Undergrad: 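Could you have a look at this structure, given as structure tokens, before my questions?
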Amino acid sequence: MGAAPRGEGREAAQARRETAADRREWAAMCRHVREPTMWGIPLRLFLAALALGLLLPLADRVLAPLTAYPPLDAGAVGSLLGIISGAMVTLAGLVFSALTAAMSLGVTALSVRISPVFQGDRVIQWGLGCFVGTFAYALLVALSIAMRGQAYRPWASTLVAVIITTGCGIMFIAVVVRVCRLLNPGGLLRHLAAEGPEASRYDPARFHTRAAELATGTAAGGHAVRRRRRTPRGDVVLAVNIPRLLDCEDAWGMRIELVPSLGTPVPVGGLLFRTSAPASRAQCRTLESVLAFGDVLSPASGPFGAIRAMVDIALKALSPAVNDPSRAVQALDEIEDILAELAPDIAAREALLAAHPDASVLRDWTRSWDDYVAAATDEIRQYGTGSVQIQRRLRALFDTLAAQCEPGQRGALAERRAALDRGLERWWADPLDRRLAGCADPQGLGRAAGTAEAPPA
């Protein structure tokens, strides 16, 4: 698909569309969708601990003549700080070993999607940072005591060491609780379900509100602008900063065509834009900054990524090697909640698009209700044909959503429920199995008779 200015006679001196608030929000969204790393918080805490370890002994030395410090056995304090330093290194090693084992177990038993969850978890990052930082702080203070002798009374340094050691004990408990929670399938699914809607704060849709100002024409005989380098965020186009793109067109006096659609992976060297005039290297860099890249299947990218991560867990549970349909039912519980929350917003957006038939570009850049339902249920429906639990839970999901969503959204749900009905004779030879699989049950196998509610027409 292409995007180009609708009017050829727009003045180049037109006021800029991208405001300072837009630039800040765009930068925040790009940081949010970046691949999670464990460097940031631990490194900052480590550097802060180094600074404290250098400054507090200096403060003790300056304040000692001015304040009536009570006597303090500096040698005993130095020995205590050495013990604390060694204990923190041991704790950091234990947490790293436990985290590695937990990630390996989670990838094997749950899904490969669990690794970014552990990497980006703030509690785990703070725990590692506290342990390593306390080690560095205690080591520096103990070194300053050894250099200044028995006359040195490091009261402030010792008090801070006691406080941060207590905090490390609390953080150790928090890290253990968080790792256990993430290894619990139900807790992990709830975590993913919360992370997806939370990412809606960084929804790129607000940058697409000017899509109606674009048309689907092309830059005739255009010059190619290709992706120059791979970024740590990923390869999939998640958003387009349309105000910045329109500002570039006005400032440079050229027609710019966007080649990939949203959700399309673009490798290094892949085609991003066509321009009506040759673009300089600086202009190519600016055009590349108009696009936000990331992983569309990551929960950090929004509800769609959270849904896909939960579908991966459900499919792993339905594999012959695992054979745990109850876990897949848990995934469907959380998927149902996300779809129920999304239904009104999607209906309002689709109504807005219907009122603006010329916004064809914006329509191509949004996912419809049918897209969400297909991504959330189709694979589970196909791989769950041998499980009565899955069949019953899917029927209940379709019935519940059909009762809550707008009439125009019920077609996708009714179509999939009809597919389950058609498969009864094919998948189940025994009449009892057919009767059980044909009932809707929110618990999977909570009640043999299922629920009594009939789906809305």
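What you see is a predicted model; the values in this text were computed from it and never measured. Residue indices begin at 1 and follow the sequence shown.
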Undergrad: Could you report the tightest heavy-atom contact between Val237 and Pro260, atom names first, then the distance?
TA: CG2-CG, 4.2 Å
Undergrad: Inspect the contact between Glu288 and Arg228 and indicate whether a charged nitrogen and a carboxylate oxygen are less than 4.0 angstrom apart.
TA: yes
Undergrad: Hey, could you give me the OG1/CD1 distance between Thr377 and Ile390, rounded to the nearest 0.5 Å?
TA: 12.0 Å
Undergrad: For Arg285, check salt bridge (charged side-chain N to carboxylate O under 4.0 Å, His left out) against everything at least two apart and list the hits.
TA: none
Undergrad: Counting only heavy atoms from other residues, nucleotides and ligands, does the tally under 6.0 Å from CD of Gln382 exceed 12?
TA: yes
Undergrad: Does a salt bridge link Asp333 with Arg393, judged by any charged N lying under 4.0 Å from a carboxylate O?
TA: yes
Undergrad: Between Glu249 and Arg255, does any side-chain N to carboxylate O distance fall below 4.0 Å?
TA: no
Undergrad: Checking Phe118 now: which residues fulfil ring pair (Phe, Tyr, Trp, His ring centres under 6.0 Å) with it, not counting sequence neighbours?
TA: none
Undergrad: Check for me whether Arg227 meets the cation-pi criterion with Phe293, that is, NZ or CZ under 6.0 Å from the six-membered ring centre and within 45 degrees of the ring axis.
TA: yes
Undergrad: Restricting to ring pair (Phe, Tyr, Trp, His ring centres under 6.0 Å), what partner residues turn up for Phe135, sequence neighbours left out?
TA: none
Undergrad: Who pairs with Asp378 by salt bridge (charged side-chain N to carboxylate O under 4.0 Å, His left out), at least two apart in sequence or on another chain?
TA: Arg381, Arg416
Undergrad: In terms of relative ring orientation, are Phe304 and Tyr372 parallel, tilted or perpendicular, with 30° and 60° separating the classes?
TA: perpendicular
Undergrad: What residues, two or more places apart in sequence or in another chain, satisfy salt bridge (charged side-chain N to carboxylate O under 4.0 Å, His left out) together with Arg181?
TA: none
Undergrad: Which residues pass the salt bridge (charged side-chain N to carboxylate O under 4.0 Å, His left out) test with Glu379, sequence neighbours left out?
TA: Arg308
